[in-house]
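No experiment lies behind these values; they were computed from the predicted model shown.
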Number of protein chains: 2
Amino acid sequence: MAEIAKHETTTFREVMAEIVQRITEGPWGPGTLLPGEVELAEEFGCSRTTMNRALREVSELGFLDRKRKAGTRVRMAPIRQARFEMPVVRSEIEKTGAIYGYQLLAREVLVAPDWLRGRLGLKARARVVHLLCLHFADGVAFQLEDRWINAGALPMALEQNFSTVGPNEWLVATVPFSEVEISFLAAAADAVMVAHLDHALGDPVFCVERATWWQNAAVTLVTLAHRRGYRMTTRY
Amino acid sequence: MAEIAKHETTTFREVMAEIVQRITEGPWGPGTLLPGEVELAEEFGCSRTTMNRALREVSELGFLDRKRKAGTRVRMAPIRQARFEMPVVRSEIEKTGAIYGYQLLAREVLVAPDWLRGRLGLKARARVVHLLCLHFADGVAFQLEDRWINAGALPMALEQNFSTVGPNEWLVATVPFSEVEISFLAAAADAVMVAHLDHALGDPVFCVERATWWQNAAVTLVTLAHRRGYRMTTRY
DNA sequence: CGACTCCTTATGTGTAGACATAATAAACAT
DNA sequence: ATGTTTATTATGTCTACACATAAGGAGTCG
């Protein structure tokens, strides 16, 4: 036989759903001041604790603006937020069912060029490891990784040859990080990208740039250039 | 006189900070299985409720993987997540201290072209409003907005002329949404972009594309092309 | 050996109650 | 009128406790 009622208590998820619905389709238009938590809890038949959690999470979704004493108000324009989870490339590729491949194209140790020193805040004559790697999905070039590692902060990097394990995977397993800066940008394909990805010179390339610090010392800067037509998409 | 101790109870934020520290700099390396909530709560001198919240939030930061019965484990590679908050353009521009400007370039009502029908799931001969607008920061073109509005779902759009208020602001104030898809991509500058933004033909342009549905009906599709050199950046 | 059941366990979530804190509003003093 | 204190109030968070639920693991049966 079919059972419907799984429980009698009102869960915070149900409350959330109802609140979101009232905001997006119902009586709580932009700017509305909601009743207090106590009153709402009473109406929904749940405890204030539960109502508090529901409101907090809806607020984190970007719909509500909450202030002590002032109360809970529906945002005039909901904050559109795009949240991208960026696992290591290997996982990203394997998740699509494709076979992951990796190739080290170049490796050199040198004194950090000026632009890099400025970008990461390195001191003069800082030594860095520069790597160029390619990640494949089912044998097709998927992502070109241009990475700089601060050898001063991470001397171990000098001993790694990165011929079989990508620097990304090595880094996440080796060093923690305390601060990260991620940028998305459109760049023009340069000679290196043309050589390894399916691009013509000057083609628009979707790039992700990520800089990482640990305890105020720069660890690494990486630019990930993607294959032709790549989009970063999120849906909710 | 200076007071230090504000409270005696351990707050979930303090617990969070300590947990993150133990993960990033301390004994809890990648893969570590943490003690259970009860045990941790005892160690930290807080209730399990508080410990639960702390662990839940650290988990949302991408450091922990929690499963019933299996326990809480430190992720092998912390999930790098980029979270972008995208307010309406006006706010984005005004937040930088610049003066916002708006101009409607073109407005037409037509039957949805095939690619759009496919993209949004419109039915045959659906009528749409097509708009082309420009957003300025201190008089300089900042963003080119290419928007399509499904007139079937939103007949009011036919009456709006959008000469002074941008469709974005009008939409967020008028219709709710239930589903959103956001993509970031790199496109080649076309003639329209060249005419209005500081681009040469074929230049890489950073674009944001956003499609919105409400109750399973497509509402709008917009492509936002940004000025030369634009980057979307987040830091944490 | 494999498939099934049942028990155990760690997290997930709900409740009631209390105190903390921020921010507004009212009362007060200058 | 203006600046300052004080009260009020809605949200923020902690506690102790209880039950729900998912999933690993042991035991059982063919």
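Take B:N52 and apply the side-chain hydrogen bond (donor to acceptor under 3.5 Å, both in side chains) test, not counting sequence neighbours, and it matches B:E37. With sequence neighbours left out, the side-chain hydrogen bond (donor to acceptor under 3.5 Å, both in side chains) criterion links A:T32 to no other residue. Applying the side-chain contact (heavy atoms from CB on, under 4.5 Å) criterion to B:A98, with sequence neighbours excluded, gives B:I93, B:T96, B:A137, B:D138. Every residue was checked against the ring pair (Phe, Tyr, Trp, His ring centres under 6.0 Å) condition with B:F12, not counting sequence neighbours, and none meets it.
Among residue pairs with one or both ends in residues 37-96 of chain A, those qualifying as ring-ring contact (aromatic ring centres under 6.0 Å, His included) are A:F84-A:F184, A:F84-B:F184; sequence neighbours excluded. The salt bridge (charged side-chain N to carboxylate O under 4.0 Å, His left out) pairs that include a residue from residues 213-232 of chain B are A:E209-B:R231, B:D203-B:R228, where partners are two or more places apart or lie in different chains. Residue pairs meeting the salt bridge (charged side-chain N to carboxylate O under 4.0 Å, His left out) criterion with at least one partner in residues 147-166 of chain B, sequence neighbours excluded, are B:E145-B:R147.
Put simply, the side chain of B:V89 does not reach to within 4.5 Å of the side chain of B:Y102, judged on heavy atoms. A:L144 is not listed as a side-chain neighbour of A:L224, based on a closest heavy-atom distance of 4.5 Å or more.
Shown for residues 64-73 of chain B: residues whose heavy atoms fall under 4.0 angstrom of DNA chain D, namely B:R68, B:K69. For the contact set between residues 48-63 of chain A and DNA chain D, defined by any heavy atom under 4.0 Å, the members are A:R48, A:N52.
A straight line from CD of A:E42 to P of C:dT15 spans 13 Å, rounded to a whole angstrom. With rounding to whole Å, A:E39 atom CD is found 9 Å from D:dA10 atom P. Between the CG atom of B:L40 and the C1' atom of C:dT9 there is a distance of 16 Å, given to the nearest Å. For the pair A:E37 CD and C:dA22 P, the computed distance is 16 Å after rounding to whole Å.
For the helix from C:dC1-D:dG30 to C:dT30-D:dA1, the terminal axes (five pairs an end, C1' atoms, rotation from four pairs onto the next four) enclose an angle of 20°, given to 10 degrees.
Taking the centre of each ring, B:F142 and B:H135 stay at or above the 6.0 Å mark.
Listed for the B:T220 side chain is a donor-acceptor partner under 3.5 Å among the backbone atoms of B:W148.
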Collect all protein-nucleotide pairs involving nucleotides 3-6 of chain D in which both atoms are nitrogen or oxygen and the distance is under 3.5 Å.
none

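Side chains of B:T72 and B:R66: a donor-acceptor N/O pair is present below 3.5 angstrom, by distance only.
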Side-chain donor-acceptor pairs of residues 166-173 of chain A under 3.5 Å, sequence neighbours excluded:
from: A:E169; atom 1: OE1; to: A:R90; atom 2: NE; distance (Å): 3.0
from: A:E169; atom 1: OE2; to: A:R90; atom 2: NE; distance (Å): 3.2

